[in-house]
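One structure is given below, encoded as structure tokens.
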Amino acid sequence: MAAAKWEGVFPAVTTKFKENEDLDHAEMEKHFNFQIDSGVHALLTCGSLGEASTLSFDEKLAVTKTALNVAAGRVPVLVNVSETRTATACRFVEKAHEMGVQGLMVMPSVLYAADSREAMDNLRVIAKAAQLPIMVYNNPVSYKVDLTPEDFKELADCEWIVAIKESTDNVRRITDLRNAVGHRYQLFMGVDDLSFEGLAVGADGLLAGLVVAFPKETVALYKLMKAKRWDEALKLYQWFMPLMHLDVSTKLVQNLKLVETLAGVGNEYVRRPRQPLQGADRARVTAVVQQALATRPDVSLLF
């Protein structure tokens with residue numbers, strides 16, 4: 001049986017590159033340690049923010065191996081599964097299982113927008129191959145596949161599916177899922193600038209983006225919400241919101257890598273066709289980060 005019960009803050013970590021676009025494992029080791037030392041509850045490698053679409057099959061496994069080495073059992077390591085073909089996804093998850101990952105996040109088959117029957121079958125086939133706990137990434141805004149609460153009722157007999165990353169951009173879905181399936185799945189809010197709202201209505205955790213630069217603040221927000229310290233949580237959330245908006249963008253990778261750079265915890269190297277921000281886009285993000293740093297709260301005083 002799949003025994004995982006995930007909760008807390010799971011960062012969708014960025015993949016670090018050198019200037020020539022090669023993987024930079026030393027920088028990833030540094031950044032993964034930074035995340036864990038700051039109190040996050042897991043690491044999620046090779047997601048959308050991790051530039052999965054630019055990574056080869058073997059590179060995804062290499063990044064994840066680095067995360068496993070750094071975590072050394074301190075937190076679970078999950079790897080995102082994003083392949084165009086189900087058979088390739090099955091081969092990938094079998095390799096990931098052999099490496100020792102503690103779980104998977106599974107996206108719909110990229111490029112093809114499956115209907116719900118196809119999408120559910122895809123999940124079942126991958127789960128059978130993986131034999132690992134799975135978080136389903138439900139993001140119809142970006143990937144044009146929407147699994148509804150009724151669909152998740154139908155999937156409830158698949159023991160390996162244990163969690164849902166809910167990214168419909170509709171916070172009502174958290175309550176609809178609870179009403180439909182109770183606590184059969186752990187629910188994670190996958191939209192940064194709905195974090196407060198998602199946790200307020202019962203999400204178990206955050207699959208977060210801005211955590212890559214501000215992990216202590218993200219963990220503090222989660223802890224305040226779980227302690228029902230609403231006023232303090234809201235004040236922190238209001239400070240955080242301009243930064244969190246940067247995650248909801250087609251340029252989220254460039255946005256957040258610039259945020260990491262300005263916060264002193266990363267660099268801007270991306271893989272083409274992406275390029276670092278320039279002009280008005282760069283000025284806008286820089287202004288947001290500078291304002292946030294100038295008014296940054298000391299969350300260590302909250303606990």
Side-chain angles (χ1 to χ4, degrees), residues 9-40 43-52 54-55 63 66-67 70 190-196 206-222 235-302:
V9 175
F10 286 30
V13 292
T14 51
T15 301
K16 306 300 184 193
F17 300 113
K18 300 176 183 178
E19 189 172 5
N20 66 357
E21 300 190 16
D22 286 349
L23 294 176
D24 192 335
H25 289 282
E27 280 299 307
M28 285 187 274
E29 289 174 2
K30 181 180 176 182
H31 197 256
F32 298 162
N33 266 314
F34 165 62
Q35 293 291 307
I36 296 170
D37 291 344
S38 297
V40 303
L43 297 175
L44 185 282
T45 62
C46 306
S48 306
L49 183 56
E51 295 176 73
T54 72
L55 301 174
V63 169
T66 295
V70 170
V191 182
D192 270 27
D193 54 8
L194 287 176
S195 296
F196 182 99
L206 304 174
L207 203 307
L210 266 298
V211 63
V212 297
F214 295 94
K216 291 181 179 178
E217 290 82 359
T218 309
V219 171
L221 177 64
Y222 170 79
K235 184 177 180 181
L236 177 59
Y237 190 52
Q238 288 169 338
W239 166 83
F240 221 155
M241 183 60 80
L243 289 165
M244 288 180 163
H245 287 327
L246 300 176
D247 183 62
V248 187
S249 167
T250 56
K251 291 189 177 181
L252 80 160
V253 173
Q254 297 97 311
N255 288 348
L256 269 61
K257 282 196 165 180
L258 177 54
V259 174
E260 286 182 323
T261 302
L262 294 171
V265 296
N267 63 56
E268 288 189 79
Y269 299 138
V270 291
R271 278 186 169 171
R272 290 176 183 265
R274 290 185 178 92
Q275 296 185 32
L277 297 179
Q278 295 183 2
D281 287 340
R282 186 178 190 86
R284 179 178 57 85
V285 173
T286 299
V288 169
V289 179
Q290 289 176 340
Q291 175 64 18
L293 292 174
T295 57
R296 189 176 195 173
D298 185 352
V299 294
S300 67
L301 301 176
L302 296 172

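The figures that follow rest on heavy atoms only: side chains count, while hydrogens, waters and symmetry mates do not. On a predicted model such as this, the values are computed, not experimentally measured, just so you know. One is the number of the first residue; the rest follow in order along the sequence.
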## Note on the structure
So the side-chain hydrogen bond (donor to acceptor under 3.5 Å, both in side chains) pairs with at least one residue in residues 212-221 (sequence neighbours excluded) are E217-R296
### Task
Using the six-membered ring wherever Trp is involved, compare the ring planes of F214 and F240 and label them parallel, tilted or perpendicular (cut-offs 30° and 60°).
perpendicular
### Query
Donor-acceptor pair, Y237 side chain versus D193 backbone, under 3.5 Å?
yes
Under 3.5 Å, sequence neighbours excluded: what are the donor-acceptor pairs made by side chains of residues 273-281?
| unit_1 | atom_1 | unit_2 | atom_2 | d |
| --- | --- | --- | --- | --- |
| D281 | OD2 | K251 | NZ | 3.3 |

### Query
About how many Å separate CE of M28 and CG of L43, when rounded to the nearest 0.5 Å?
12.0 Å
### Message
The test is side-chain contact (heavy atoms from CB on, under 4.5 Å); show your working for Q35 and V211 and say whether it passes.
### Response
CA-CA 8 Å; Q35 293 291 307; V211 63; 3.7 Å; yes
### Query
Heavy atoms, side chains only, cut-off 4.5 Å: are Q290 and L262 in contact?
no
### Query
Does K16 use its side chain to pair, donor to acceptor, with the backbone of G266 at less than 3.5 Å?
no
### Task
Answer yes or no: is there a donor N or O on one side and an acceptor on the other, between the side chain of E27 and the main chain of F17, under 3.5 Å?
no
### Query
Which residues pass the salt bridge (charged side-chain N to carboxylate O under 4.0 Å, His left out) test with E268, sequence neighbours left out?
R282
#### Entry: Working for side-chain contact (heavy atoms from CB on, under 4.5 Å), residues L246 and V285
CA-CA 8 Å; L246 300 176; V285 173; 3.9 Å; yes
### Message
Contact between H31 and V212 at the side-chain level, heavy atoms closer than 4.5 Å - yes or no?
### Response
yes
#### Entry: Side-chain donor or acceptor of D192 paired with backbone N/O of L210 under 3.5 Å
yes
### Query
With a 4.5 Å limit on heavy-atom distance, are the side chains of E260 and N267 in contact?
no
#### Entry: Heavy-atom closest pair, residues V9 and V40
O-CB, 3.7 Å
### Query
How about T45 and V13: do any of their side-chain heavy atoms sit closer than 4.5 Å?
yes
